[in-house]
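Convention: sequence-line order gives letters A, B, ...; per-chain numbering from 1.
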Amino acid sequence: MSKWLVKTEPSECSIDDFAKAEHQTIPWDGVRNYQARNFLAKMAEGDEVFIYHSSCKHIGIAGIVRVVHSAYPDPTQFDSDSPYYDEKSTKEKPRWQAVDMTYVRKLKRLISLDEIKSMSGLEGLPLIRRGNRLSVMPVTDEQWQIILSSA
DNA sequence: GCCAACGTTGGC
DNA sequence: GCCAACGTTGGC
């Protein structure tokens, strides 16, 4: 069972949006970066995922969701009305993948980016590497525990 | 295959 | 709103 972290702008999809849709499934689509997509494709049903809020007032890890359906072709790539439309993608050879996720819980409090940067043992986490832009990344069990135990 | 130009991400 | 860092594109 692997663990992951995904970035999201809370104005788009926040942990509260997941909470409101408890017991429902939310598609994680619109990922348009190859490295991030490759990680998405490795997610398995049951994997747990940190939700990280970016580009907002309170930046940091806000909660946990779970993968309920592993990767499948992201339908938004075929939808010419979608901002995520990709004209170079075909049904035969889809470029982009999505997974389905569901709410697990909010953390007791938001773990801020500053805090995450200051924790020891997280040096390998792509999130805090300089200039990092990866929106889907693996989290080791050890990193997961370090972050969780600070909440 | 190189690399300049361009667009995007995301913290500040 | 700024801008550094990075990914992508496309001419050559």
Side-chain angles (χ1 to χ4, degrees), chain A residues 2-21 26-43 47-67 70-140 142-151:
Chain A
S2 305
K3 307 212 184 301
W4 309 91
L5 181 148
V6 297
K7 294 180 188 171
T8 176
E9 298 187 19
S11 57
E12 293 292 318
C13 182
S14 71
I15 191 68
D16 289 320
D17 293 325
F18 273 99
K20 275 179 235 158
I26 292 186
W28 203 259
D29 54 22
V31 170
R32 293 295 179 268
N33 167 283
Y34 288 104
Q35 203 184 348
R37 177 206 63 185
N38 293 342
F39 285 131
L40 261 195
K42 289 182 180 168
M43 288 184 178
D47 285 0
E48 288 190 309
V49 183
F50 278 141
I51 294 290
Y52 172 87
H53 289 171
S54 69
S55 297
C56 60
K57 184 148 186 200
H58 302 293
I59 296 167
I61 295 172
I64 299 172
V65 299
R66 184 190 301 110
V67 177
S70 59
Y72 57 92
D74 178 349
T76 64
Q77 69 194 306
F78 308 121
D79 176 4
S80 58
D81 291 330
S82 166
Y84 302 120
Y85 177 62
D86 184 344
E87 58 178 13
K88 291 184 186 154
S89 209
T90 63
K91 302 252 180 181
E92 293 70 32
K93 276 199 159 185
R95 289 175 133 188
W96 308 112
Q97 301 283 111
V99 301
D100 289 340
M101 304 213 202
T102 196
Y103 180 69
V104 174
R105 65 184 175 92
K106 288 178 77 164
L107 297 187
K108 278 172 267 179
R109 61 186 189 84
L110 182 111
I111 311 297
S112 73
L113 178 59
D114 279 347
E115 260 186 281
I116 295 164
K117 283 177 176 168
S118 74
M119 292 177 195
S120 59
L122 300 186
E123 290 74 16
L125 189 64
L127 183 71
I128 53 176
R129 281 211 294 262
R130 186 174 130 94
N132 163 68
R133 292 167 53 182
L134 191 60
S135 63
V136 179
M137 67 190 74
V139 178
T140 67
E142 190 187 0
Q143 292 164 345
W144 183 274
Q145 274 313 314
I146 291 170
I147 293 166
L148 258 197
S149 62
S150 75

Output side-chain donor-acceptor pairs under 3.5 Å for residues 4-11 of chain A, partner residues at least two apart or in another chain, one line each.
from, atom 1, to, atom 2, distance (Å)
Trp4(A), NE1, Asp47(A), OD2, 2.9
Lys7(A), NZ, Leu134(A), O, 3.1
Thr8(A), OG1, Cys13(A), O, 2.7

Q: Sequence neighbours left out, what passes salt bridge (Lys or Arg N to Asp or Glu O under 4.0 Å) with Lys3(A)? Give chain and number order.
A: Glu48(A)
Q. Which residues in residues 51-63 of chain A have at least one heavy atom lying under 4.0 Å from any atom of DNA chain B?
A. Tyr52(A), Ser54(A), Ser55(A), Ile59(A)
Q. In Å and rounded to the nearest 0.5 Å, what is the CD1 to CG distance from Ile111(A) to Leu148(A)?
A. 8.5 Å
Q | Separation of dG11(B) P from Asp114(A) CG (nearest whole Å) | A | 11 Å
Q) How would you list all residue pairs meeting salt bridge (Lys or Arg N to Asp or Glu O under 4.0 Å) that involve residues 110-129 of chain A, not counting sequence neighbours? A) Arg109(A)-Glu115(A)
Q.
Listing request: all ring pair (Phe, Tyr, Trp, His ring centres under 6.0 Å) pairs with a residue in residues 99-131 of chain A, at least two apart in sequence or in separate chains.
A. none
Q) Hey, where does DNA chain C pair up into stems, meaning at least three consecutive Watson-Crick or G-U pairs with distances under 3.5 Å? A) B:1-12 with C:1-12
(Q) Quick test of your reading: applying salt bridge (Lys or Arg N to Asp or Glu O under 4.0 Å), list the pairs with at least one residue in residues 27-39 of chain A, sequence neighbours left out, ordered by first then second residue. (A) Arg32(A)-Asp74(A)
Q. Any side-chain heavy-atom pair from Met137(A) and Leu127(A) closer than 4.5 angstrom?
A. yes
With the criterion being N/O to N/O and under 3.5 Å, what pairs connect the protein with nucleotides 2-4 of chain B, and how long is each?
none

Q. What pairs of residues pass the ring pair (Phe, Tyr, Trp, His ring centres under 6.0 Å) test when at least one of them lies in residues 75-95 of chain A, not counting sequence neighbours?
A. none
Kindly list each side-chain donor-acceptor pair under 3.5 angstrom involving residues 53-62 of chain A, sequence neighbours excluded, with atom names and distances?
from, atom 1, to, atom 2, distance (Å)
His53(A), NE2, Ile15(A), N, 3.1

Q: Quick one: do Asp100(A) and Ile26(A) satisfy side-chain contact (heavy atoms from CB on, under 4.5 Å)? Show the steps, please.
A: CA-CA 6 Å; Asp100(A) 289 340; Ile26(A) 292 186; over 6 Å; no
Q) Is the closest side-chain heavy-atom distance between Ile128(A) and Ile116(A) below 4.5 Å? A) yes
Measure all distances between protein nitrogen or oxygen atoms and nitrogen or oxygen atoms of nucleotides 7-9 of chain C, and list the pairs falling under 3.5 Å.
none

(Q) Checking Trp96(A) now: which residues fulfil ring-ring contact (aromatic ring centres under 6.0 Å, His included) with it, not counting sequence neighbours? (A) Tyr34(A)
Q.
A side-chain contact here means heavy atoms from C-beta on lying under 4.5 Å apart; do Arg66(A) and Met101(A) qualify?
A. no
Q: Starting at atom CG of Leu113(A), determine the distance to atom P of dC12(B), rounded to an integer number of angstrom.
A: 6 Å
